[in-house]
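Below is one structure; the comments refer to it alone.
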Amino acid sequence: MSKKILVYLHEACKFLKENMESGPWPEVGIILGTGLGDLCSMVKGREEMAYSDIPKFPISTVEGHKGRLILGEINNKRIAILQGRVHLYEGYSAEEVCFGIRVLAMMGTQTIIITNAAGALNPEFEEGNIMVITDHINLTGHNPLRGENIDELGDRFPDMSKVYDEGLISLAISCGINIGVRLDRGVYVGVLGPSLETPAETRALRRLGGDAVGMSTVMEVIAARHMGLKVLGLSCLTNKNLPDCMNETSFEYVVNQAKKSGRILQRLIIEILKQL
Ligand code: HPA
């Protein structure tokens, strides 16, 4: 990491303190991925800030990623939502990809729910299901902690043996039961993209131990753990990614599927917020 990033983070935080919300910053944050923005309409008493108005905040170039920070309440629980994210495949650096989550953490967020759209590698998982992420494999070739460590943010060599909080995983599963949805659970493989996988790559990812594959999340999760946040990861399985029965997958298809399973995800998150 470069020292400059710390200056930028402080600048963004100062701006938010001056221009948003005088009350305590929400302890719970949510990052909404591709096509999953509908949850925002549930937020009461909300305040919004476009990423483009926040100093140094990177702005997504991808359709389906709105790009705004929302503060407010769902079920009387205060939350901070990052609606939209930037990706490595857009050409952003790992530091830029993690800017938003680092801002939330510096502002006071302690628990982060990270959502994404992913392809199912596990043949038992159905399109439209939600997978609770139990662990990940970072195959992006990037790491947001590369370079000089910023001790103010976290340790040089953060432990990664328990990345996804076990209590939050159990909570998510039981909240799924409460709303009548059986959640899958498994390992998320993070790839760089933007090209989708070849059948040989899909086969390899499955053999490596992956249950779902996507082009986001792992950078943010590493940055979150570096800063000591508790992490819950939820994947909307938008397509089957199986080598021997692969259909062509288009971005439009992924966004539409994410919108569909986004409705279930929305109910799940509302239930989780009730229990947190
Ligand atoms: N591969 C990679 N990323 C994805 C996929 C996929 O099949 N589906 C949604 N994001």
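Just so it is clear, the structure is predicted and the values come from calculations on it, not from any experiment. For ligands, and for the atoms within them, numbers begin at 1 and follow the listed sequence.
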| query | Is there any N or O on Leu196 that sits under 3.5 Å from an N or O of ligand 1? | reply | no
| query | When you measure from atom 4 (C) of ligand 1 to each heavy atom in Val213, Leu237, Asn239, which option holds the nearest one? | reply | Val213
| query | Which of the numbered atoms in ligand 1 are below 4.0 angstrom from a heavy atom of Gly119? | reply | 5 (C), 6 (C), 7 (O), 8 (N), 9 (C)
| field | ILVMFWY cluster, Leu192 and Val221 together (side-chain gap under 4.5 Å) | value | yes
| remark: Note: Gly209 and Ile137 closest approach over all heavy atoms is C-CD1, 4.4 Å
| request: Report yes or no: does Asn149 contribute a side-chain atom to a donor-acceptor pair with the main-chain N or O of Gly154 at less than 3.5 Å? | output: yes
| field | Among Lys4, Lys3, Arg156, salt bridge (Lys or Arg N to Asp or Glu O under 4.0 Å) partner for Glu148 | value | Lys3
| Atom indices of ligand 1 within 4.0 angstrom of Glu197 heavy atoms, with elements | 1 (N), 2 (C), 6 (C), 7 (O)
| Name the one of Glu95, Glu220, Met107 that satisfies side-chain contact (heavy atoms from CB on, under 4.5 Å) with Arg102? | Glu95
| Which is closest to atom 7 (O) of ligand 1 in terms of heavy atoms, Asn241, Thr202, Thr238? | Asn241
